[in-house]
Each structure stands twice: as C-alpha cells, then as structure tokens.
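Since the structure comes first, as structure tokens, the remarks are kept for the end.
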Number of protein chains: 2
Amino acid sequence: MTTPQDRLARDTRESVRGIPDATVARLPVYLRALTELAERGVATVSSEELATAAGVNSAKLRKDLSHLGSYGTRGVGYEVEYLVYQISRELGLTQEWRVVIIGVGNLGHALANYGGFASRGFTVVALLDADPDVVGEHVAGLRVRSTDELEDVVAAEGVSIGVLATPGPAAQDLCDRLVGTGITSVLNFAPVVLSVPEGVDVRKVDLSTELQILAFHEQRKAARDAVHAAGLTAADEHDAEEVAQ
Amino acid sequence: MTTPQDRLARDTRESVRGIPDATVARLPVYLRALTELAERGVATVSSEELATAAGVNSAKLRKDLSHLGSYGTRGVGYEVEYLVYQISRELGLTQEWRVVIIGVGNLGHALANYGGFASRGFTVVALLDADPDVVGEHVAGLRVRSTDELEDVVAAEGVSIGVLATPGPAAQDLCDRLVGTGITSVLNFAPVVLSVPEGVDVRKVDLSTELQILAFHEQRKAARDAVHAAGLTAADEHDAEEVAQ
DNA sequence: CTCTGTGAATATATTCACAGCC
DNA sequence: GGCTGTGAATATATTCACAGAG
C-alpha cells in the first residue's frame with residue numbers, strides 16, 4: 001500500500017519530475033564528456049559514443065537521458081550543444097552558485113584554484129580560515145578572511161553553498177554556523193559525519209574511503225588469484241571485474 | 001550429494017564475493033565511527049548508536065554487518081574493538097598497501113600529508129611529478145621524483161595502488177603506464193574518464209561532480225519553496241478540511 | 001526485556017530487447 | 001538501416017517486522 005505521505009516523500013526525495021538519484025549522479029559525467037566533444041568540434045553523438053566517453057553502457061545512458069526528455073533524434077543521435085544546455089539546465093548550472101570555502105590548507109588551496117568550478121557556474125566568493133597566520137593571505141585572487149566573519153560573509157556575499165575543507169574536529173561547529181545562516185547545501189571534505197537538521201543536504205567526499213574500497217577489491221583479486229593458482233577454480237564462475245562507482 | 005569440494009568452492013566464493021558493493025562502500029564509514037568510539041573508550045555499541053554515528057539507519061547497519069558474520073551479541077550490541085578488527089580485515093586493511101601519488105600540486109600535497117591514510121594501512125612510498133621545478137622538492141618527508149621514473153619506482157617500492165592527482169590531459173598516459181607495470185588499482189582525481197583494460201579497477205573522485213549534485217538539489221528545493229509560497233492560498237481541498245477538525 | 005540477525009516486502013537501478021521514428 | 005526511447009525482465013539495495021538469543 002502506498003499512502004499519499006509516501007508518495008509525497010518520494011517525490012520530494014527524487015525530484016519534482018522524478019529524476020532518479022543514480023541518474024542525477026551521472027549527469028555531471030555526461031556533461032563533462034559532452035563539453036569535451038563540443039571543444040573538439042563534434043556536433044552530434046550517438047548514445048554508444050557518448051556512453052563510451054562517459055564510461056557507462058549505452059542502455060544506461062539512454063535511460064538516463066530519457067528522464068530529462070526526448071532530446072535525441074532516432075537514427076541520428078544527440079546534438080552535442082543542445083544536450084549540454086539541457087543537462088546544464090536540469091542540474092541548475094545555468095545560474096550562478098556562490099560558494100564559500102572554509103579551511104584553506106592544501107585541500108582548500110586545491111579547491112580554490114580548481115578550474116572545474118568556474119566553468120560550471122560555481123563562483124568561489126570567499127575563503128575562510130581559523131588560523132590567524134593564514135588569514136590575510138591571498139589565494140586564487142581572494143583575501144583569506146577569519147572564520148569569525150562567517151555569518152557576515154555568507155550574508156554579504158549571498159553564499160548558497162558551503163564547502164568544508166577543515167580538519168575533522170572543527171567541521172561540525174562550522175557546519176552548524178553555516179546552517180544557522182540559512183545555508184542548506186554543504187560539501188564536506190572533513191573526515192567526520194556531520195549531523196544537520198532535516199532539509200539540509202550534505203555530501204561527503206572522503207579521500208581515504210575510496211582507497212579502502214580499492215583495497216577491498218585488490219584483496220579480493222589477490223584471493224581469487226590464489227584460489228586459481230591452487231587449482232580450485234570454479235569453472236562456472238566469471239564475475240565481471242568492474243568497480244561500481 | 002554435496003562433496004567436500006563443493007562446499008569449499010561455495011564457502012570460498014561466498015566469503016570472497018558475497019559482500020554487496022553498497023555495503024563495501026559503507027564499511028569505511030563504520031570503521032571511522034568505530035575508531036572514534038574506541039578512542040573515546042567506548043567498549044560496546046548498539047546498532048542504533050553506531051548507525052547514528054555513521055549517519056545511516058540501524059536496519060541497514062545490521063544488514064551490512066550481517067554480511068561479514070555474526071559479530072554482535074543479542075540483547076547487548078557489538079564489541080567495538082572486535083568489530084574494528086573484523087571490518088579492517090574484511091577491507092584488507094590489516095596488510096600494508098604501498099601507494100604512489102602522481103602529481104604533486106595542491107591536491108597531491110593534500111593527499112601526501114593526509115593523516116587518514118597511514119592509520120589505515122596505506123603507506124605513501126613515492127611522489128612523482130612531471131614538472132622539473134617540483135622534482136627534488138621534499139613533501140611529507142619524501143623527495144619528489146620525476147614521472148620518468150614511474151616504472152622503476154613502482155617496481156622498486158612494491159607499489160600496488162596508484163593515485164593520479166594530475167591535470168586532466170596527463171592522466172590517461174600515466175594511467176596506461178601504471179597499468180603497464182601490473183598495477184590493477186587506480187584512484188583518479190583527474191577530471192577525465194580513464195579507459196583501462198578488463199581487470200583493472202579505477203575509482204574516480206571528482207570535486208566538481210559533487211557540487212553539481214548539490215546544485216541540482218538546491219535548485220529543486222528553491223523550486224519547491226516557490227510553488228509552496230505561491231500555492232498556499234490554493235490549498236488542497238481535502239487536507240484543508242481534515243486540518244479544520 | 002533488549003537488541004541482533006534475517007527472511008519477506010518494497011523500492012531502486014540496470015539491462016535487455018525491440019517498436020517506432022528518421 | 002541506424003539509433004533513440006522505453007516497457008518488461010532482472011538484479012541490487014533498502015526497509016520492515018519479528019523470531020529468537022542472551
């Protein structure tokens with residue numbers, strides 16, 4: 001049984017028009033591949049070609065794109081420029097997003113200088129750090145300001161997304177303060193699980209998590225090779241060896 | 001009839017293959033939460049407590065842990081130290097993984113200095129960069145060497161995992177050379193889709209992808225709020241009646 | 001009683017396979 | 001003929017809900 005509440009909750013979680021999370025997570029990849037094709041002067045791609053460029057299979061790509069609408073031409077393919085626009089619009093990249101980066105260590109530096117933001121509508125409008133020695137430095141054309149000014153900066157600069165690149169222990173407090181200003185989107189590089197109220201989205205990027213997942217698969221490969229070598233091969237078994245992203 | 005061979009083959013396959021990808025991806029999170037609890041001197045946790053600390057719900061946590069074995073005690077919970085060990089073992093973190101970082105820009109610096117690696121069995125044994133000005137610098141206690149030496153370094157240092165933190169255009173070539181040395185696990189921070197032969201695992205961390213996903217949800221929230229604000233007067237008939245009671 | 005471990009139910013995601021349009 | 005868009009089939013993942021161990 002599905003209650004009206006269930007349906008509302010699902011619609012809210014997914015999207016007004018129902019784009020699955022897994023699809024949303026892949027749209028940026030398609031967008032990158034398309035941008036590259038556009039730069040190379042390619043006007044049209046088939047789902048097969050684009051899928052290869054994006055590292056997925058073509059059925060998945062077509063299904064994903066079908067959630068946005070019917071933007072391809074049967075027998076021909078997709079017009080690159082047009083698809084770039086449609087995906088950008090769907091992702092909300094046709095507007096400017098003003099971002100504050102908190103924590104200007106090596107990672108903060110890398111993020112501040114990262115070219116991939118500006119080209120997709122993200123403008124880093126402020127850098128904050130708690131360390132008085134770092135405050136006042138100029139990084140990526142911005143003067144680093146104190147985290148004391150967080151609330152002022154968010155208000156004055158119209159920030160809508162906060163990026164945390166601080167050490168773990170500092171992150172929760174700064175996150176609380178971001179949320180206090182009304183920000184509802186946080187990208188967290190600090191190695192902690194942030195707790196936030198309902199309605200606030202946190203995405204976490206964890207450098208060591210990814211290595212650990214690789215280690216798991218590497219170990220599994222080693223174990224399988226050992227079994228192989230010992231002659232205990234299960235001939236009926238063939239597992240496709242591809243890491244799910 | 002079940003022969004001993006059958007049972008061995010099955011047991012091997014299950015223990016090697018049986019853990020779902022989604023579970024594997026969460027194990028590092030549980031491990032981090034458990035490590036924190038251990039440092040705070042907590043000896044035992046319930047699935048509810050651990051789930052909260054890890055930011056998931058308790059049913060999922062229990063299901064995930066059940067794939068590793070029966071390591072809890074009904075009516076009590078899980079012994080923290082023991083679970084740390086079991087998860088570490090399952091992820092392959094009880095052995096040392098020797099890692100090379102290629103590309104020593106801001107991100108490479110951040111990775112080289114990141115404390116979260118060493119504590120989980122990852123040893124950064126070499127740093128490589130293509131820029132002659134960077135080669136020779138000392139970062140995180142290691143002398144940066146030239147990417148020309150890649151093959152030598154991998155062989156001499158017994159590297160099993162490669163981390164690419166280079167600009168996009170350089171990544172595929174360096175990846176090919178890593179694969180050429182026999183490496184089958186690559187963590188890619190460069191903003192390109194790498195193509196690798198069957199049997200090689202690539203995981204990709206993309207700084208701007210995550211921001212784009214946030215932007216999508218932020219846009220959606222804004223759209224919903226707008227509808228809400230505009231639609232308050234034209235409220236849904238039935239709900240209004242029920243609320244009146 | 002409490003809290004784990006797990007079948008059964010549900011929800012999501014992927015893949016297949018082909019009808020329908022260019 | 002070639003390629004998209006999509007139902008139907010399958011595979012994965014999540015959540016429910018409760019039996020049963022301690």
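In what follows, chains carry the letters A, B, and so on, assigned in the order in which the sequence lines appear, proteins first and then strands, with residues in each chain numbered from 1. Only heavy atoms go into these numbers, but all of them, side chains included; no hydrogens, no water, no symmetry mates.
Look at NZ on B:Lys60: it is 17 Å from P on C:dT4, rounded to the nearest Å. In this structure, the CD atom of B:Glu79 is 17 Å from the P atom of C:dC3, given to the nearest Å. In this structure, CD of A:Glu49 is placed 11 Å from C1' of D:dC3, rounded to the nearest angstrom. Atoms CD (B:Gln86) and P (C:dT4) sit 17 Å apart, rounded to a whole Å. Residue A:Leu65 contributes atom CG, which lies 15 Å from atom P of C:dT15 at whole-angstrom precision. In this structure, B:Leu50 atom CG and C:dG5 atom P are separated by 12 Å, rounded to whole Å. As a whole-Å value, the separation of A:Lys63 NZ from D:dA11 P is 16 Å. Rounded to an integer number of Å, the gap from CG of A:Leu61 to P of D:dT6 is 14 Å.
Sequence order on DNA chain D of the closest nucleotides to A:Gly75 and A:Asp64 puts A:Gly75 first from the 5' end. Comparing A:Ala22 and A:Thr73 along DNA chain C, the residue whose closest nucleotide (by nearest heavy atom) sits nearer the 5' end is A:Ala22.
Aromatic rings of A:Tyr82 and A:Tyr71 (six-membered ring for Trp) have centroids within the 6.0 Å cut-off, being under it.
When the nucleotides C:dT4, D:dT15, C:dG5 are ranked by their closest atom to the side chain of B:Ser66, C:dG5 comes out on top. Side-chain atoms of B:Ser46 lie closest to C:dC3 of the nucleotides C:dT6, C:dC3, D:dT6. Listed nucleotides D:dT4, C:dA8, D:dG22 differ in distance to A:Arg62; the shortest reach to its side chain belongs to D:dT4. Nearest to the side chain of A:Asp21, among C:dA13, C:dG20, C:dT14, sits C:dA13. Side-chain atoms of B:Arg74 lie closest to C:dC3 of the nucleotides C:dC3, D:dT15, C:dC21. Which of C:dC16, C:dC3, D:dG2 sits closest to the side chain of A:Ala59 comes down to C:dC16.
Contact annotation: A:Ser47 side-chain N/O to D:dT4 OP1/OP2 distance is under 4.0 Å. Phosphate contact (OP1/OP2 of C:dG5, side-chain N/O of B:Tyr78, threshold under 4.0 Å): present. Within the structure, every side-chain polar atom (N or O) of B:Asn57 is placed at least 4.0 Å from both OP1 and OP2 of D:dT14.
Side chain of B:Gln219 to backbone of A:Glu90: a donor-acceptor contact under 3.5 angstrom is found.
Side-chain contact between A:Leu214 and B:Val186: absent, with no pair of heavy atoms (C-beta onward) separated by less than 4.5 Å.
Of all the heavy atoms in B:Thr184 and B:Gly199, the pair that sits closest is CB-O, 3.8 Å.
Look at A:Glu96 and A:Arg98 and you find a salt bridge, because one of the NZ, NE, NH1 or NH2 atoms lies within 4.0 Å of a carboxylate O, short of that distance.
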